[in-house]
Structures are given as structure tokens and as C-alpha cells.
Undergrad: 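Mind having a look at this structure? Questions to follow.
Just so it is clear: chains get the letters A, B, ... in the order the sequence lines come, proteins before strands, and each one is counted from 1. Since this is a predicted model, take the numbers as computed values, not measurements.
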Amino acid sequence: MATTRDVRSPRSRTLAALGLAAVICGVVLYFVALFALGGRLPGVRNHAVPSWILVGGGLALSALDVRQAARGRRLLAGLLAGTSGVLALAFAGFLYAVLAVPEASGPAIGSTAPDFALSDQHGRTVRLADFRGRPLLLVFYRGHW
Amino acid sequence: MAGVVVDPVETNARLARDAEVDYPILSDPELRAIDAYALRHRGGGPDGGDIAHSASVLLDGEGIVRWTSVTRNIRLRPTPDDVLLALDRVRD
């Protein structure tokens with residue numbers, strides 16, 4: 001019977017392997033974009049859309065596999081699909097929970113920027129007044145490089 | 001443009017050299033400017049110390065704050081286009 005042949009075929013294992021590969025590719029793509037390509041792919045870093053397309057596709061393949069594995073009781077296929085799910089959850093947790101930080105107000109729009117006198121990388125003292133007369137972008141870094 | 005960070009001058013000198021940065025990276029180990037700009041992240045450092053929130057602040061030529069971006073997630077930063085758009089508005 002066709003159904004019996006489907007269950008015994010390696011198709012579900014292939015689906016699971018492809019699904020896991022897609023999930024891994026999605027996660028790896030994000031970290032390559034974040035650390036190796038730096039600011040050159042801010043869309044990937046900020047929105048992670050390409051990564052989520054890959055991860056979502058991988059989960060869809062895994063879901064198809066789970067349906068077949070449930071009927072065929074294929075342990076390996078089930079483990080592969082489960083790994084995809086756990087990896088996708090860990091990826092989401094990292095992006096949206098681990099990297100979240102408390103809220104900070106920052107300076108109010110329209111307020112006068114507080115003056116400062118700080119040393120630059122050459123040891124020279126730099127004051128806010130040194131930039132007077134032209135726009136200035138102040139970028140606050142988390143540091144510890 | 002100028003950067004502000006808690007790291008010491010020596011660290012910033014190495015970073016500027018390695019990354020070929022030509023704008024000032026200002027050392028604020030006592031978080032005086034970071035506090036003045038309401039950007040202290042308590043316990044945010046890898047050693048549990050206080051650091052700056054990841055943020056961008058655009059001032060006009062008179063020193064008035066015209067645009068800010070303070071992230072709630074450290075992977076989310078303004079893009080160069082975001083900054084250029086804000087800069088265009090400041091210049092208008």
C-alpha cells in the first residue's frame with residue numbers, strides 16, 4: 001500500500017535533515033551578519049528577516065517530518081525535528097530576551113546638551129563646546145572591547 | 001561625530017588604531033557625561049559594572065538635542081540612513 005511505503009521510506013528523515021539544515025543556516029547567517037559583516041548589513045542585524053525566512057522554512061519542513069514521523073515512529077527524524085524546534089526557540093530567546101536591556105530616557109529632545117570634558121584616544125581633552133557651530137552625532141557605546 | 005564609552009584611553013587608542021577610526025572616541029570611566037545624558041546602564045557590563053546604554057544623540061550647531069535613538073535591544077541600532085535622515089532635518 002502507498003501509505004505503508006511512505007512511512008517506511010527515508011523521506012521524513014530527509015525532510016527533517018533539510019529542516020534542521022535550514023534552521024542552522026538561518027542562525028549562522030544572523031551571526032555572520034552581526035559579527036563578520038558589521039554595519040554593512042544593518043537590515044539583517046536589526047530585523048533578522050532573511051534569517052527568520054530560513055528558520056521558518058526549516059520549521060515548516062520539520063513540521064512535515066513530524067507528521068510522518070508520528071505515523072512511522074521514526075526516532076531519528078523526530079530527534080532532528082525536535083532539534084530544529086529547540087534551536088529556533090533558542091534563537092528567538094537570544095534575539096528578543098537575552099539582548100534586551102532596560103529602558104533609558106536619554107536627553108530630552110529640545111533640551112540643551114550637557115557639556116563635558118573627556119579624553120579622546122590620543123589623551124587630548126575634548127569639550128562639547130569644541131563642536132559648537134556644526135551638528136554633532138554623539139554615539140554612546142557599551143564598550144569593554 | 002564622537003563616541004563616548006567607559007573604556008580607558010588606552011583601550012580606545014587600540015580600538016581606533018585597529019578599526020582605523022578617525023573620529024574622537026571619548027573615555028568616560030566615571031560615567032559623568034553618560035549620567036548627564038541619562039544613559040547609565042546599571043550592571044550592564046560583562047563584569048557587572050555600569051556602562052552606557054547603546055545610544056545615538058544628534059545635536060545641532062547650538063548644542064540643542066534634536067534627535068535621539070536609545071535602544072531597548074543591543075542588536076538594534078539606527079542605520080546610516082536613519083542618521084542621515086535626522087541630520088538632513090537638523091540642517092533644514
Undergrad: Which atoms of Arg42(B) are under 4.5 Å from chain A, going by heavy atoms: the side chain, the backbone, both sets, or neither?
TA: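 For Arg42(B), neither part sits under 4.5 Å from chain A.
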Undergrad: Between Glu62(B), Arg91(B), Arg32(B), which has the largest tally of heavy atom pairs under 4.5 Å with chain A?
TA: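 Highest number of heavy-atom pairs under 4.5 Å: Glu62(B).
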Undergrad: Just wondering, do Asp50(B) and Leu31(B) contact through their side chains at under 4.5 Å, heavy atoms?
TA: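 Yes, their side chains come closer than 4.5 Å.
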Undergrad: Provide the closest heavy-atom pair for Leu20(A) versus Ser62(A) in the form atom of the first, atom of the second, distance.
TA: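 Smallest interatomic distance, heavy atoms only, reads N-OG, 4.4 Å.
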Undergrad: How far apart are the closest heavy atoms of Arg75(B) and Ala48(A), and which atoms are they?
TA: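 Arg75(B) and Ala48(A) have their closest heavy atoms at NH1-CB, 4.4 Å.
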Undergrad: For Leu128(A), is it the side chain, the backbone, both, or neither that has a heavy atom closer than 4.5 Å to a heavy atom of chain B?
TA: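 When you check distances to chain B, only side chain atoms of Leu128(A) fall under 4.5 Å.
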Undergrad: Do you know which of Ala36(B), Ser69(B), Pro29(B), Pro78(B) has the most heavy-atom pairs with chain A at a distance under 4.5 angstrom?
TA: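 Heavy-atom pair counts peak at Ala36(B).
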Undergrad: Ignoring hydrogens, what is the shortest heavy-atom contact between Gly19(A) and Ser84(A)? Give both atom names and the distance.
TA: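 Closest approach of Gly19(A) to Ser84(A), heavy atoms only: C-OG, 3.8 Å.
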Undergrad: State, to 0.1 Å, how close Val70(B) and Ser105(A) come at their nearest heavy-atom pair, and which atoms those are.
TA: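 Closest approach of Val70(B) to Ser105(A): CG2-O, 4.3 Å.
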Undergrad: Kindly give the heavy-atom pair with the smallest separation between Trp67(B) and Asp82(B), and that separation in Å.
TA: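 In this case the closest contact between Trp67(B) and Asp82(B) is CZ2-O, 4.5 Å.
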Undergrad: Heavy-atom pairs under 4.5 Å with chain B: which of Ala117(A), Ala108(A), Ser119(A) has the most?
TA: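 Counting heavy-atom pairs under 4.5 Å, the top option is Ser119(A).
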Undergrad: Heavy-atom distance under 4.5 Å between the side chains of Met1(B) and Leu138(A), does that happen here?
TA: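 No, their side chains stay 4.5 Å or more apart.
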Undergrad: When you measure from the side chain of Asp28(B) to the backbone of Val6(B), do you find a donor-acceptor pair of N or O atoms at a distance under 3.5 Å?
TA: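 Side chain of Asp28(B) to backbone of Val6(B), a donor-acceptor pair under 3.5 Å: no, none is there.
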Undergrad: What part of His41(B) lies closer than 4.5 angstrom to a heavy atom of chain A: side chain, backbone, both or neither?
TA: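 The answer is the side chain of His41(B).
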Undergrad: Is there a side-chain contact between Arg72(B) and Glu103(A) (heavy atoms, below 4.5 Å)?
TA: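 Yes, close enough: below the 4.5 Å cut-off.
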Undergrad: With a 4.5 Å cut-off on heavy-atom pairs, point out which of Thr71(B), Asp60(B), Leu87(B), Val83(B) contacts chain A the most.
TA: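 Answer, by heavy-atom pair count under 4.5 Å with chain A: Asp60(B).
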Undergrad: Does any non-hydrogen side-chain atom of Thr68(B) lie less than 4.5 Å from one of Leu58(B)?
TA: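 Side chain of Leu58(B) against side chain of Thr68(B), heavy atoms only: no contact under 4.5 Å found.
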Undergrad: Of all of Leu15(B), Thr11(B), Val90(B), which one pairs up most often with chain A through heavy atoms under 4.5 Å apart?
TA: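 Option with the greatest count: Leu15(B).
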Undergrad: Against chain B, work out which of Ala100(A), Ala113(A), Pro114(A), Ser111(A) has the most heavy-atom pairs shorter than 4.5 Å and name it.
TA: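 Going by pairs under 4.5 Å, I would pick Pro114(A).
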Undergrad: Counting heavy-atom pairs closer than 4.5 Å to chain A, which one of Gly63(B), Ala86(B), Ala33(B) comes out on top?
TA: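 Looking at each option in turn, the highest pair count goes to Gly63(B).
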Undergrad: Taking the side chain as everything from C-beta on, heavy atoms only, tell me whether Leu137(A) gets closer than 4.5 Å to Ser56(B).
TA: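 Counting from C-beta outward, Leu137(A) and Ser56(B) do come under 4.5 Å.
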Undergrad: To check you understand the geometry: which heavy-atom pair defines the closest contact between Asp115(A) and Ala129(A), and what is its length?
TA: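 Scanning both residues, the minimum pair turns out to be OD1-N, 3.9 Å.
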Undergrad: Counting heavy-atom pairs closer than 4.5 Å to chain A, which one of Asp81(B), Val9(B), Asn12(B) comes out on top?
TA: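 It is Val9(B).
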Undergrad: Report, in residue-number order, which members of residues 90-99 of chain A are under 4.5 Å from chain B by heavy-atom distance.
TA: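 Answer by number: Leu95(A), Tyr96(A), Leu99(A).
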Undergrad: Look only at the side chain of Asn46(A) and the backbone of Arg77(B), and say whether a donor-acceptor pair between them is shorter than 3.5 Å.
TA: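 Checking the backbone N and O of Arg77(B) against the side chain of Asn46(A), a donor-acceptor pair under 3.5 Å is found.
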Undergrad: Given that the side chain runs from C-beta out, which part of Phe140(A) has a heavy atom under 4.5 Å from chain B: side chain, backbone, both or neither?
TA: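 Both backbone and side chain of Phe140(A) come within 4.5 Å of chain B.
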Undergrad: Which atoms of Arg134(A) are under 4.5 Å from chain B, going by heavy atoms: the side chain, the backbone, both sets, or neither?
TA: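 Contact with chain B: backbone only.
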Undergrad: Tell me, side chain or backbone of Ala16(B) under 4.5 Å from chain A's heavy atoms, or both, or neither?
TA: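 The answer is the side chain of Ala16(B).
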